Undergrad: 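A single structure is presented below for examination.
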Amino acid sequence: MFPQSTLLDPLFWMVLGAIQVLVFTGASQWAKEYQLGMNWWRWSVVGFWWLSFILTIAGAFTLLGENEGNAGWYVLGFVGTLLVIGGAAILKVLVLLKPNPQ
Amino acid sequence: MRKKLLFIFYIVSAVFVCVHLGLRVNHLTQLEASNTPLFVATYSEHSTSSKVPVNDAINYKEWAEKFEEQTK
Amino acid sequence: MKDDAQIGDEATTNSSRRNFLKLGGLAAATATVGAGAGAGFVLGRDPDANIGWGRTEAGKDMYFNREAFEVDFPPTMEVVGNIERPEWGDYLFNRAFSLVKSIKGGWEPSEDWTQIPDLRVREYYEKYPKRWEEMLLSFSEKVKHDNNIEKHRDRFALAWAYSGAYSKGLHADFPPEPTEHPDVDDFKWVQREPKEFKSPEHASKLIKQMAFKFGMSLVGITKLDSNFVFKNMMRGMPEWGDEIPKHWKNVIVFGVPMNWDPMYAAVGYSTSYDAYYRAKMASGLMAAYLGELGYAARPQFPGNSYEVIMPPLAMLAGLGESTRNGILMTPEVGPNIRLAAVITNLDLEHDKPIDLNMKHFCESCKICADACPSGSISKADKPDDVVRGIRKYAFNQDGCWRFWNQGPTPSGLGCRVCIAVCPYTRKNNWIHALVKQAEPRDPTGVTRNALLAMQHNFFYYPDAESFHPEWSGGNFASYHQPPEWMRSEEYLKVEKTWEYDGNWEGF
Amino acid sequence: MYSKKRSDFWKKVASIVSVILLLLAWYGGSTRITDNQSGMVDQLLINGDLLNQIDDRLYEGRILNKLNPVEYIGLGSGIGYGGMTEVAVTVSSLGDIQRIAVLSSKDTSSYLDKVIQSNLMEKLLGKNIKSNFEIDGVSGATVSTNALTEAIKRAADPVRFELFGINRAENEKPISHFRWLDLLAIAMFTMAILVNKTRHRKKSMFNWALLLTSMCVFGFYSSSLFSSSTMGILISGAWLTGLGNYTSIILLSLVILYIIATNKNVYCNTLCPFGATQECLAKLGNTKTISLTPVFFEWFPRGLLLVTLCLGLYYRNPASFSYEPFGIMFGMIGSIYLFVLTTITIVTSLVVKRPWCRTLCPMNPMTDFIRFNRQWFKSVLNKQRLKRQIILTNQMVGSEVKRSEVSK
């Protein structure tokens with residue numbers, strides 16, 4: 001976020017990395033509440049989706065930063081929507097594959 | 001909560017539709033006012049300006065001087 | 001046994017912990033999305049992404065690892081006949097200056113190219129008769145340009161100042177133009193015995209580092225291929241046959257990109273002189289460096305001081321490949337590269353050419369051909385011309401030159417639109433670096449087709465006519481709008497009476 | 001009872017007013033249409049200075065001191081998606097095409113841009129019109145490409161006849177535009193009727209099958225589903241002079257006839273490709289059906305459809321006023337605003353069931369309009385029949401009384 005500054009830039013990336021831990025612990029808390037029975041491959045699917053979602057947003061705004069107005073919005077709209085649909089599909093699968101409580 | 005969501009969706013999509021229609025109207029009015037064809041493709045041997053202008057109007061010596069001085 | 005109170009507050013701490021995690025997780029997620037958008041935007045705007053001018057002395061600009069793509073022969077240099085060396089008349093500036101001399105001698109140009117006094121120029125137009133009409137047009141267009149250019153000074157004042165500064169720098173006398181026979185002139189900076197290198201590999205490794213220290217972004221070394229040395233053309237020698245000096249063994253080719261923002265705002269706001277100046281200086285410094293070590297050095301530098309054709313040598317040195325608009329395209333900076341070189345007798349280890357699949361990209365892309373204001377770039381699906389035994393895309397030199405004389409630059413020289421609109425001309429931020437690494441490694445061509453589909457549908461390209469200046473049917477359009485430091489209305493007391501036509505910034 | 005009566009009254013007023021508005025727009029349009037084509041033709045001269053008209057589709061360009069004309073300009077028109085596309089071709093005296101200009105087009109502008117970007121016309125420049133030239137089309141915008149190529153051929157005919165005396169035109173019969181897709185549309189429609197009628201156990205499964213096939217065929221494959229612009233074309237009568245793509249018009253007229261006949265709208269739940277997309281997305285997220293009750297939300301789409309149809313009539317260009325996300329969804333055709341609209345609709349349809357159908361889709365206003373008028377018309381009919389019966393009974397009673405008096 002602060003590419004020109006030698007101090008703030010590393011700090012920013014460290015903080016961003018740190019809050020990912022909070023994101024995933026929060027997510028596991030939500031998952032526990034809905035008893036989704038999360039195992040390793042479910043977490044990796046969710047993690048992969050989350051990474052591509054953030055990358056898409058970052059990519060679209062990078063294009064905007066480069067003064068490619070049209071390209072930025074179209075990428076955000078096009079890839080963004082596909083990812084949102086993908087996310088909904090993953091959620092549906094997770095809910096369907098819920099282990100039924102004994 | 002979903003009702004609110006649908007409400008917001010309604011307003012936002014209505015705005016975009018109206019903006020789209022508004023732009024279409026002024027595009028068509030401009031088109032009509034300008035009374036020029038929608039699109040023209042002109043043949044040119046291999047350069048976009050098709051006519052080769054008559055050259056006698058040029059004072060070549062002056063052109064040569066200016067060219068040499070600019071590229072020296 | 002815990003009593004109820006303990007269980008009670010344990011439950012409350014548990015539930016509050018759970019709530020904190022749940023809400024904290026949500027907040028962190030939204031913060032990440034915001035941070036991603038912000039970081040992405042800022043990286044797009046980050047000047048550090050502007051590769052060029054030896055940003056880091058370790059030559060980090062040359063970030064593309066070429067080992068995986070080395071081949072023995074450049075794929076875009078397909079030999080179809082016996083290769084002929086280029087003639088004196090094949091070089092556009094030679095023709096232009098010869099015509100100037102004839103006109104000053106009282107010759108009146110006419111539609112009939114057989115009347116051209118200089119035989120060497122006549123031979124060229126015998127091969128390409130249609131192009132003489134373009135050269136004729138360049139005379140009249142230049143006059144129309146000179147009559148109209150001053151009216152737009154308010155708009156382009158800062159751009160012309162920037163270009164003028166580097167143009168004056170370029171005309172400085174370093175490295176000096178050769179004045180004597182190459183056997184003498186190439187050794188003018190040699191004072192002592194040549195110092196022996198441990199091995200050619202050591203020499204090449206050192207020379208490349210020095211090129212980066214002299215400010216170059218890309219450097220490659222190859223054997224001097226005589227096929228690309230001009231015949232009858234040797235600076236400092238009025239008469240020259242087609243022999244090649246014996247000490248011309250190896251050639252060190254290096255280059256630097258033009259400043260990105262003006263280049264993207266071609267034609268009016270762009271200039272080649274900034275990169276020309278830096279490349280010329282580097283060739284002088286390298287020649288002096290080799291001279292100090294006792295080796296011959298013949299600098300080849302921009303403007304108009306060459307004995308060789310640069311792009312093929314750069315391709316042999318593995319810097320990049322040939323493209324549809326006929327200039328070198330590199331993975332780091334695309335066609336936004338200005339080359340210079342030093343020919344030397346020093347034994348050096350040669351680099352190998354590379355194959356980055358650029359051939360297939362150019363075949364299906366055609367964006368430069370559609371955008372070319374003078375329609376000089378071929379729109380064929382495959383290379384459709386054979387020039388001196390090598391298959392390449394047909395390119396109308398004289399049509400391009402004609403638009404140089406129309407273009408809204410003060411000296412009326414240079415266009416650069418094909419460089420600005422090329423999808424490979426991208427700065428070094430993470431999204432383009434990712435794409436440039438992925439595309440050559442994908443044999444199926446799926447990434448290429450996806451990229452091209454996005455390129456054609458999502459990006460805005462002004463049409464070819466609108467790049468023209470107002471006096472020849474355009475509106476000074478440009479691929480990107482000019483950078484802030486070139487907008488005269490931001491700094492000078494001028495009244496803004498023009499509109500920018502180019503990619504909008506998205507907000 | 002009281003509000004029902006009052007709202008009926010307002011509805012009657014509204015439907016009459018909208019019909020009047022449409023007629024006014026149509027009338028307004030016809031007065032405004034000056035044949036501005038001739039104004040444009042003189043801009044198309046290249047070498048000639050003097051333009052004089054030989055007949056309504058052929059002009060010639062002359063230079064003062066030259067005996068025979070220097071160049072000819074031919075006008076031609078082709079049948080596009082929304083109606084006529086007019087083209088002018090400037091041909092040199094040797095028969096080489098010097099310039100092609102699209103004078104006017106009734107296709108959606110994005111379709112036209114796609115054809116222009118494919119520089120289909122640049123390939124034609126310089127060709128000689130003596131031999132009938134073949135033009136390879138452009139993927140994605142087939143209807144508009146055929147319109148353009150047809151128009152260029154038609155424009156070249158008079159000039160070819162003038163120069164070489166060859167008349168090559170075999171004029172296009174509208175029927176030849178009939179394609180297998182139109183037959184499929186009729187077949188699918190009848191199946192939709194059947195599926196709606198049966199009480200079969202597996203009815204919803206059949207319904208889903210129909211929805212998915214329609215989404216693939218009429219949506220992604222051919223993007224030939226109808227929209228407000230098709231309604232505009234239908235009422236403007238532009239299809240009388242022939243249309244490039246009949247499928248959407250056929251589908252629309254079948255739907256309207258069925259509503260008139262049985263007061264049931266079969267299209268939305270069984271055939272609409274965009275509806276199908278929203279249904280699939282609804283399956284992904286657990287959605288609930290919600291509808292907005294306030295009056296505004298019911299009347300806004302009606303106003304919107306009315307305005308669009310009026311604009312279509314007034315500018316004689318219904319195809320350029322479609323505001324649905326169908327173009328973007330199934331063909332990436334449309335402005336960036338429609339692109340944003342489509343993205344929002346898709347994302348919302350994960351949470352709310354069929355958001356577009358619940359809000360702005362022009363199908364609802366159209367169906368309500370037809371149903372209301374059908375109802376009104378029927379009630380008027382019944383009233384008359386009742387009156388007639390009353391008169392009959394009175395007469396009978398009257399004659400009874402007379403007969404009884406006579407007999408007394």
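Given the structure is predicted, the values throughout are model-derived calculations rather than measurements. Convention: sequence-line order gives letters A, B, ...; per-chain numbering from 1.
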Undergrad: Go through the steps to decide whether B:Phe9 and D:Thr359 satisfy the test side-chain contact (heavy atoms from CB on, under 4.5 Å), and finish with yes or no.
TA: CA-CA 9 Å; B:Phe9 166 75; D:Thr359 52; 3.5 Å; yes
Undergrad: Is it the side chain or the backbone of B:Leu23 that comes within 4.5 Å of chain D heavy atoms, both, or neither?
TA: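 It is the side chain, since no backbone atom gets that close.
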Undergrad: Using the benzene-type ring in the case of Trp, are the ring centres of B:Phe16 and D:Tyr323 under 6.0 Å apart?
TA: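 So the answer is no for these two rings.
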Undergrad: Could you tell me which portion of D:Pro301 (side chain, backbone, both or neither) has an atom closer than 4.5 angstrom to a non-hydrogen atom of chain B?
TA: both
Undergrad: Please report the closest heavy-atom contact between B:Tyr10 and D:Phe297, naming both atoms and the distance.
TA: OH-O, 3.0 Å
Undergrad: What part of D:Asp96 gets within 4.5 angstrom of chain B, counting heavy atoms only: side chain, backbone, both, or neither?
TA: neither
Undergrad: Side chain, backbone, both or neither: which part of D:Ser320 has a heavy atom under 4.5 Å from chain B?
TA: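 Both parts, backbone and side chain.
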Undergrad: Hey, does B:Leu21 have a side-chain heavy atom less than 4.5 Å from the side chain of D:Leu304?
TA: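 D:Leu304 vs B:Leu21: side chains touch.
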Undergrad: Show every donor-acceptor pair shorter than 3.5 Å between a side-chain atom in residues 332-347 of chain D and any protein atom, with sequence neighbours excluded, or say none if there are none.
TA:
from: D:Ser335; atom 1: OG; to: B:His20; atom 2: ND1; distance (Å): 3.0
from: D:Ser335; atom 1: OG; to: D:Tyr337; atom 2: N; distance (Å): 3.4
from: D:Thr342; atom 1: OG1; to: D:Leu338; atom 2: O; distance (Å): 2.5
from: D:Thr343; atom 1: OG1; to: D:Phe339; atom 2: O; distance (Å): 2.4
from: D:Thr343; atom 1: OG1; to: D:Val340; atom 2: O; distance (Å): 3.0
from: D:Thr345; atom 1: OG1; to: D:Leu341; atom 2: O; distance (Å): 2.5

Undergrad: Closest approach of D:Leu292 and B:Lys3, non-hydrogen atoms and distance?
TA: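 Taking D:Leu292 first and B:Lys3 second, the nearest heavy atoms are CD2-O, 4.1 Å.
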Undergrad: Could you look at B:Val12 and say if it's the side chain, the backbone, both or neither that has a heavy atom under 4.5 Å from chain D?
TA: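 Contact with chain D is through the side chain of B:Val12 alone.
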Undergrad: Distance check, rounded to the nearest 0.5 Å: D:Phe296 atom CZ versus B:Ile11 atom CD1?
TA: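 The CZ atom of D:Phe296 sits 5.5 Å away from the CD1 atom of B:Ile11.
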Undergrad: If every non-hydrogen atom of B:Arg2 is compared with every non-hydrogen atom of D:Thr287, which pair is closest and at what distance?
TA: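 Where B:Arg2 meets D:Thr287 most closely, the heavy atoms are NH1-CA, 4.0 Å.
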Undergrad: Considering residues at least two apart in sequence or located in another chain, which fulfil the side chain to side chain contact (heavy atoms under 4.5 Å, CB included) criterion with D:Val307?
TA: D:Leu311
Undergrad: Would the number of heavy atoms belonging to other residues, nucleotides or ligands and lying under 6.0 Å from CZ of B:Phe7 be above 12?
TA: no
